[in-house]
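Reviewing the structure listed below.
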Number of protein chains: 2
Amino acid sequence: MSRSAEAVHETLRHSEGFRSAQDIFTEMRADGAKIGLTTVYRALQALSDDGRVDVLRTDDGESVYRACATGDHHHHLVCRHCGHTVEVAGPDVERWAERVAAQNGFTEITHTVEVFGTCNSCTASAER
Amino acid sequence: MSRSAEAVHETLRHSEGFRSAQDIFTEMRADGAKIGLTTVYRALQALSDDGRVDVLRTDDGESVYRACATGDHHHHLVCRHCGHTVEVAGPDVERWAERVAAQNGFTEITHTVEVFGTCNSCTASAER
DNA sequence: GGTCAAAATGAAAACGGTTGTCAAAGTCAG
DNA sequence: CTGACTTTGACAACCGTTTTCATTTTGACC
Ligand SMILES: [Zn+2]
Ligand SMILES: [Zn+2]
Ligand SMILES: [Zn+2]
Ligand SMILES: [Zn+2]
C-alpha cells in the first residue's frame, strides 16, 4: 500500500461519516498535504479493494467512503443530515436474504442494505 | 402524464428486469417510436416521482428502472447475469430496520435493501 | 555516494451518464 | 384560426470518475 493511500486512510479514520473523494482531497490539501485528486481516487480504490474502507453511493450518484472499525460484514445506519454513522450487524437480515434467495432458486447471493434516518442530535437541533 | 411518458411506461412493462434509460431509448427507437433520449429521461423521472417505476443504481453508477407489479413497498431479488427480477416483501427486514434505528435513536427511517444472485436458469446454463 | 528499473504521482484530457437550454412542434380552449 | 401553454428533442453543458502520459519518487544493488 502506497504512502498516499495510508495518508488517505488516516484522513478517513479521523472522519465520522461517509466522505466523498472531493471532500477528502479538499481536507488533505487544507491540511497542507501535497496530493492530487487522482491519487486520492486511486488510494480509495485500493483501500476499498482491500476491504479497508466501505463504499456506498449517494442518491445523486457520488461514491462516499468510510474507514469502518470492523472488517467483518456489517451495514450502516446513516444520519442523512449530519452523516453520523453507526455500524450495525444484521444477522436477521443475513438470514432473511438467504431464505428469500433460496425460496426463489437464487444462489451466490450478495446484498446491499443501508438504513438512513435522522439521528437524535439532529432531531434535537431541529426542535430547538 | 405526457404521451411519451406513457409510451416509456408501456415499454418498461414489457420488460422483465431493470433497464437503463439508454436501453429503453434504443428499444423504442428500434420499434419505430419517434422519441428523443432527453424525453426518455424526463419520462423516467416523472414515472419514478409518481412511484410508477422503481429505480436502482448499478455498481457502475447507472440508474436502471423497472415497472413493478405492486405499488406497495417491496424489495428485489435480481439475477446479476440475466437481470431476471423477483419482487419480494420483507416484513422481517422492515422490522429489523425499525428496531435497529430505534435502538440508536434514529427516526424518519428509510432504507435500501436489494439482493443480487444467480437465478436457477442461469445456474443451469452455466452447468451445461 | 551512484545507477537504474519499477512504482507512484498528478495535471490535464477523455469518458459516460445525466441534466439544462432553447427553439420548434404539438395541443387545446375559445 | 389564434394565441397561450405544454411537450419535445438535438445539442451543449455538467460533474464525478477514469485514463493518459510525462515526471518524480522509491528501493534494490553496487
Ligand atoms: Zn445527525
Ligand atoms: Zn449483510
Ligand atoms: Zn438469471
Ligand atoms: Zn423495505
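What you see below is based on every heavy atom in this structure, not just the backbone, and it leaves out hydrogens, waters and symmetry mates. A note on names: the letters A, B, ... follow the listed sequences, proteins ahead of strands, and every chain is numbered from 1.
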**Report entry** Step-by-step side-chain contact (heavy atoms from CB on, under 4.5 Å) determination, B/Tyr65 to B/Leu12
**Finding:** CA-CA 8 Å; B/Tyr65 307 82; B/Leu12 223 33; 4.0 Å; yes
Report task. For B/Arg57 and D/dT17, give me the distance from atom CZ to atom C1', rounded to whole Å. Result -> 13 Å
Requested in this report: Whole angstrom is fine here: how far is it from CD1 in B/Ile35 over to P in D/dA10?
Outcome: 10 Å
Requested in this report: Indicate the atoms forming the closest heavy-atom contact of B/Gly36 with B/Arg29, along with that distance.
Outcome: CA-NH2, 4.3 Å
Query raised in the report: B/Arg80 side chain to A/Glu108 main-chain N or O, any donor-acceptor pair under 3.5 Å?
Result: yes
Query raised in the report: Whole-Å distance between C/dT19 P and A/Glu62 CD?
Result: 14 Å
Query - Interatomic distance, B/Thr11 atom OG1 to B/Glu6 atom CD [nearest 0.5 angstrom] - result: 11.0 Å
Query raised in the report: Do A/Arg66 and A/Leu56 have side chains that get closer than 4.5 Å, going by heavy atoms?
Result: no
Requested in this report: For the helix from C/dG1-D/dC30 to C/dG30-D/dC1, figure out the bend between the end axes, five pairs an end, and round to 10 degrees.
Outcome: 20°
Query - Residue pair B/Glu27, B/His14: steps toward the side-chain hydrogen bond (donor to acceptor under 3.5 Å, both in side chains) verdict - result: CA-CA 11 Å; B/Glu27 178 173 334; B/His14 291 151; over 6 Å; no
Requested in this report: Could you pick out which residue, A/Ser2 or B/Ser63, lies toward the 5' side of DNA chain C when each is mapped onto its nearest nucleotide?
Outcome: A/Ser2
Requested in this report: Would you give the length of the straight line joining atom CE of B/Met28 to atom NZ of B/Lys34, rounded to the nearest 0.5 angstrom?
Outcome: 12.0 Å
Query raised in the report: Are A/His111 and B/Glu114 side-chain neighbours, meaning at least one heavy-atom pair lies under 4.5 Å?
Result: no
Requested in this report: For the pair B/Arg13 and B/Glu10, evaluate salt bridge (Lys or Arg N to Asp or Glu O under 4.0 Å) and give the outcome as yes or no after the intermediate values.
Outcome: CA-CA 5 Å; B/Arg13 263 184 285 118; B/Glu10 184 63 16; 2.9 Å; yes
Report task. Please work out which residues in residues 3-33 of chain B have a non-hydrogen atom less than 4.0 Å from an atom of DNA chain C and list them by number. Result -> B/Arg3
Query - Spacing between A/Lys34 atom NZ and C/dA11 atom C1', to the nearest angstrom - result: 16 Å
**Report entry** Mutual orientation of the aromatic rings belonging to A/His75 and B/Trp96 [parallel < 30°, tilted 30-60°, perpendicular > 60°]
**Finding:** perpendicular
Query raised in the report: Distance from B/Phe18 atom CZ to B/Asp54 atom CG, nearest 0.5 Å?
Result: 5.5 Å
Query raised in the report: What residues in residues 36-49 of chain A put a non-hydrogen atom under 4.0 Å from any atom of DNA chain C?
Result: A/Gly36, A/Thr38, A/Thr39, A/Arg42
